[in-house]
Structures are given as C-alpha cells and as structure tokens.
2 protein chains.
Amino acid sequence: MQIMSEKGAAGGGLRERKKRATRAALAEAAVRLAAEHGAEKVTVEAISAAAGVSVRTFFNYFDTRDDAFVVIDADAGARMRQAVLDAPAALSPLEALREAMVAELAEAEQQHELWRLHAQVLHASPHLLVRSLGAHMADETELAEAIAARIRAGGRPATASVPGAVPGPGSDEERRKALDLYPRLLAAVAGTAVRTSVEHWYARQEEGAFLDVFQEVFALLAAGLPAPPAPPA
Amino acid sequence: MQIMSEKGAAGGGLRERKKRATRAALAEAAVRLAAEHGAEKVTVEAISAAAGVSVRTFFNYFDTRDDAFVVIDADAGARMRQAVLDAPAALSPLEALREAMVAELAEAEQQHELWRLHAQVLHASPHLLVRSLGAHMADETELAEAIAARIRAGGRPATASVPGAVPGPGSDEERRKALDLYPRLLAAVAGTAVRTSVEHWYARQEEGAFLDVFQEVFALLAAGLPAPPAPPA
DNA sequence: TGCAAAAATGCACGTCGTGCAAAATTAAGG
DNA sequence: CCTTAATTTTGCACGACGTGCATTTTTGCA
C-alpha cells in the first residue's frame with residue numbers, strides 16, 4: 001500500500017494513521033481511475049486493487065462506490081467547524097468563517113492536481129456532482145450550528161460598530177428570529193462563495209489565484225449582508 | 001394502475017399524461033412504502049408492484065431506486081424557473097422569486113400528507129437527505145441563471161429607489177462582478193428560506209401556517225440583502 | 001381497421017453491497 | 001520473546017440493483 005502524505009489532524013496511534021492512509025489511498029485511486037476511464041467504468045475491484053486492499057475492505061471504508069469519488073476528505077467539515085470555534089474572539093463571525101475557509105482551501109490547494117481531477121470527475125457525471133453538492137450542503141447545516149454556538153459563546157456582537165449598520169426598527173421578537181437565521185445566512189453565503197469560486201477556478205484553467213478569487217467573491221457576497229442583529233436580551 | 005390527480009402543467013397528449021401518471025404513481029408508492037417499512041427495506045419489485053408496472057418499467061422512469069424516494073416532482077424546478085421568467089415585469093427579482101416560490105409551495109401543500117411522508121422518509125435516512133439536498137442545490141444553480149436572464153431582460157433595475165439603498169462607491173468593474181453574483185446570492189437566500197421553513201414545519205407538527213412561516217423566513221433573510229447593483233453600462 | 005411510433009415487458013448478465021465466520025495484524029504485558 | 005485480547009482484513013455466499021437487447025403490447029393517426 002502506497003504511503004501517502006498524512007494530512008489533517010496528526011493522529012496518535014499507528015492504527016488510526018494506517019486507517020486514514022488506507023482511506024486516502026482508496027479515495028485517490030478512485031479519483032485517478034475515474035478521471036482516466038470515466039467513473040461509470042471503474043469497478044470497486046479496480047479501485048481496491050489499485051489501493052492494495054481487498055474488495056471487502058473497500059466497503060469497510062465506504063458505504064457506496066460513489067462515495068469514494070465524492071468524499072475525498074472525510075473530516076474536512078469537522079475541521080472547518082473546529083476552526084470556526086477556535087478562531088480568536090476578536091474576529092467577527094464573518095471574519096472567523098472566512099479565515100477558517102481560507103485555511104482549509106489553502107490546505108486543499110497543496111494537492112491541487114488531485115482536486116482538479118476530482119472536479120473533472122464530478123463535472124463528467126452530473127450524478128456525482130449532485131451527490132457532492134448534497135454532502136456540501138449537509139456540512140453547511142452543521143457549520144451554521146457551529147457559527148450559532150460561536151455567536152452565543154463569544155461576547156462581541158460582531159461588527160456592531162459599522163457606520164452603515166442601521167439599528168433596525170424591528171421589535172425584540174423580530175430580532176430574536178433574525179438572530180436564529182443569521183448563522184444560516186452566513187453559512188449559505190460562505191457556501192455560495194466556495195461553489196462559485198471553485199466553478200470559476202475550474203472553468204479558467206489558470207493555476208494560482210484560486211484563493212484570491214475566493215476572497216474576492218466572498219467579499220462581494222458578504223457586502224450584501226448587514227451586521228448581525230443585536231441580541232434582544 | 002391507479003389514476004392519480006394529474007397536477008402540474010396539464011399535458012396535451014394522452015401519452016404524456018399516462019407517463020406522468022405512471023411516474024407519479026411510482027414515486028407515491030415508493031414514498032408510502034418507505035414511510036411504512038423504512039426505505040432500505042423497500043425493493044424496486046415492491047414499488048413496481050404497488051404501482052402496477054413491471055420492474056423493468058420502473059427503471060424506464062428512474063435511474064436509481066433512491067430517485068423514486070427523492071424526486072417526487074420531477075419538473076418542479078422547471079416550473080419555478082418558468083414562473084420567475086413569466087412574472088410581471090413590475091416585480092423586482094426578489095419579489096418575482098418569492099411569488100414563484102409561494103405559488104409552487106402552495107401547490108405542493110395541497111398534498112401535504114404525501115409531502116409529510118416524504119420529509120419523514122428523508123429524515124429517517126441521512127443518505128437520502130443528502131441526495132435531496134444535492135438535487136435541490138442543482139436546481140438552485142439553474143434557478144440563479146433564470147434570475148440572471150430575467151434581470152438582463154427586464155428593464156427595471158429592481159428596487160433601486162429604496163431609501164436605505166446606498167449607491168455604493170464601487171467602480172464599474174466591481175459593480176459588474178457584483179451583478180454576476182447577485183442572482184446566485186438571491187437563489188441561495190431563497191433556497192435557505194425553503195429549507196429552513198420546511199425544517200421548522202417538519203419539527204412542529206402543526207398543520208397550516210407553512211406558507212406564513214416561509215414568508216416570514218424569506219422576509220427576514222431578504223432583509224440582509226441590498227438592492228441589486230446598478231448595471232455599469 | 002390497419003400501420004407506424006412509442007412504451008412496457010421478460011430475460012440474461014455483470015456489479016453492488018451485506019452478513020458472517022475465519023485469518024491476519026496490532027497493542028500491551030509478563 | 002511470547003502470549004493474549006482486540007481490531008482489522010479477507011473470503012464466501014447471496015440478494016438486490018441496473019442495463020442491453022429483443023419481443024410484445026399499447027397508442028396515435030389515417
């Protein structure tokens with residue numbers, strides 16, 4: 001089994017490291033084979049053989065063959081949430097979210113060749129693209145909860161002192177509801193920024209600049225957001 | 001084969017009507033069986049038998065067994081886009097979008113029992129929920145393009161005369177990019193409103209009020225949006 | 001009614017995905 | 001170094017999924 005650059009949270013035991021390596025090897029083999037022959041023509045047997053494990057073992061790591069094409073990094077979502085929660089308290093929720101995403105995307109860009117193949121595979125079969133979008137969206141929901149937790153915990157009501165921010169003539173009830181919705185809106189904007197910039201990056205085949213594009217898109221979308229409502233309490 | 005209330009755009013030929021009826025019968029049978037026995041325990045054979053067709057015919061209508069659980073209304077997305085395009089020119093993009101969604105959701109609510117079962121099935125198997133989210137998101141992308149087309153075609157730059165709308169000190173270049181992004185942001189907000197209100201509606205088991213909840217969530221989320229940027233030309 | 005197009009069906013076949021039990025590997029001590 | 005318990009890998013069998021192809025049935029129309 002080919003040793004891979006073990007990324008992510010450096011695990012402790014040898015067992016866990018080997019499991020992560022096997023999982024990564026399977027995912028990478030799946031993507032490379034799919035990019036070459038087309039996802040539909042790649043059997044689980046071929047993926048397993050390329051990763052050096054048995055077919056049965058493949059299904060110990062992935063519930064479905066398609067998962068190997070879609071879920072390249074299983075715990076990226078968890079890392080994102082943790083990064084949002086661990087961000088310095090001085091950052092507004094929006095800034096914390098942006099920094100967390102920039103860090104995650106920067107890490108992913110270190111393997112941009114694999115990610116380009118990944119995008120190519122998804123682009124080639126709409127079926128897989130839908131699965132990927134769904135997984136992305138499920139992560140987004142959990143991310144919204146992490147944002148909400150951060151807002152509840154953190155003392156600062158974000159960028160409350162922005163000059164353009166209207167205090168809002170809403171009642172306390174309205175502000176409470178808006179406060180419930182704000183994390184979702186934030187997560188939706190962030191997700192839209194990611195998808196849009198990935199799409200742009202994939203369309204133009206220029207190498208670098210991806211993070212710059214993301215930052216710009218994020219800023220433009222975020223310009224449409226008001227400061228979060230002040231808590232009614 | 002059980003005759004179903006043929007909904008949607010009343011098709012012309014008898015052939016198309018029968019095809020839609022068969023498709024609806026299969027989807028409904030799938031959802032009802034899944035709600036009763038659990039989606040994983042429902043075979044294609046059972047669904048086909050319940051709808052009165054052969055197993056092979058099932059696969060003439062759905063690429064996958066799971067599609068029958070997920071895609072209850074195949075052309076809802078197309079209707080949405082058409083409604084957005086056909087909305088009176090006096091409406092802003094935001095208003096046109098809201099009216100289109102309200103109309104669509106109102107129609108769906110006429111079969112709220114089936115939709116409740118549908119939500120229950122998705123809720124029971126995260127696997128299917130992800131698929132549904134992905135399909136929803138793919139529709140959202142196409143919806144954004146319809147919105148963009150409407151903005152390009154329609155004469156009015158939307159609610160440009162809103163008092164709170166800042167003209168924005170951005171350059172023409174920035175406004176052009178923001179204009180490209182605005183439809184996506186709008187679609188994202190609308191999608192978030194739908195998912196949030198559906199979630200709320202499913203959590204509380206109260207009967208009516210769904211459309212009211214949606215309108216409120218939509219308004220609260222939209223409050224975070226600025227007027228669309230004026231075209232640079 | 002007769003004819004052509006479209007849809008439904010049956011059948012065969014390869015692949016997927018799972019339960020179960022046996023074999024191999026690992027961590028921890030004596 | 002060797003033993004032992006826990007974890008992981010693997011093989012095997014089996015039901016279900018999904019597809020290609022030829023055939024039969026149904027529909028639309030003259």
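Below, chain A is the first sequence line, B the second, and so on; all start at residue 1.
- With rounding to whole Å, A:E45 atom CD is found 10 Å from C:dT15 atom C1'.
- Side-chain polar atoms of A:D63 and B:H127 form no donor-acceptor pair below 3.5 angstrom.
- Residue A:E45 qualifies as open at atom CD: its count of foreign heavy atoms under 6.0 Å is 12 or below.
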What protein N or O atoms touch nucleotides 7-11 of chain C N or O atoms at under 3.5 angstrom, if any, and at what distances?
{"residue": "C:dA7", "atom": "OP1", "partner": "B:K19", "partner atom": "NZ", "Å": "3.3"}
{"residue": "C:dA8", "atom": "OP1", "partner": "B:Y61", "partner atom": "OH", "Å": "2.7"}
{"residue": "C:dA8", "atom": "OP2", "partner": "B:Y61", "partner atom": "OH", "Å": "3.4"}
{"residue": "C:dT9", "atom": "OP2", "partner": "B:S54", "partner atom": "N", "Å": "2.8"}
{"residue": "C:dT9", "atom": "OP2", "partner": "B:S54", "partner atom": "OG", "Å": "3.1"}
{"residue": "C:dT9", "atom": "OP2", "partner": "B:T57", "partner atom": "OG1", "Å": "2.4"}
{"residue": "C:dT9", "atom": "O5'", "partner": "B:S54", "partner atom": "OG", "Å": "3.3"}
{"residue": "C:dG10", "atom": "O6", "partner": "B:R56", "partner atom": "NE", "Å": "3.4"}

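- Not a single donor-acceptor pair under 3.5 Å links the side chain of A:R81 to the backbone N or O of A:A76.
- Nucleotides of DNA chain D lying under 4.0 Å from heavy atoms of chain B occupy a range whose first and last members, 5' to 3', are D:dC17 to D:dG28.
- The aromatic ring centres of A:H112 and A:W115 sit 6.0 Å or more apart.
- When ring centroids are compared, B:F58 and B:F62 come within the 6.0 Å threshold.
- Atom CD1 of A:I47 is separated from atom C1' of C:dT15 by 12 Å (rounded to the nearest Å).
- Protein atom CG of A:D66 is 16 Å distant from nucleotide atom P of C:dT15, rounded to whole Å.
- Ion pair B:E28/B:R23 not flagged as a salt bridge, since none of the NZ, NE, NH1 or NH2 atoms sits closer than 4.0 Å to an Asp/Glu carboxylate oxygen.
- A salt bridge does not link A:E140 to A:R184: none of the charged side-chain nitrogens sits closer than 4.0 Å to a carboxylate oxygen.
- Between the CZ atom of A:R17 and the P atom of C:dT26 there is a distance of 13 Å, given to the nearest Å.
- Of the N and O atoms on the side chains of A:E199 and A:T196, not one donor lies less than 3.5 Å from an acceptor on the other residue.
- What separates CG of A:D67 from P of C:dC16 is a distance of 13 Å, to the nearest Å.
- With rounding to whole Å, A:K41 atom NZ is found 12 Å from C:dT15 atom C1'.
- The partner of D:dA30 is C:dT1, by the rule that a Watson-Crick or G-U pair needs both atom distances under 3.5 Å.
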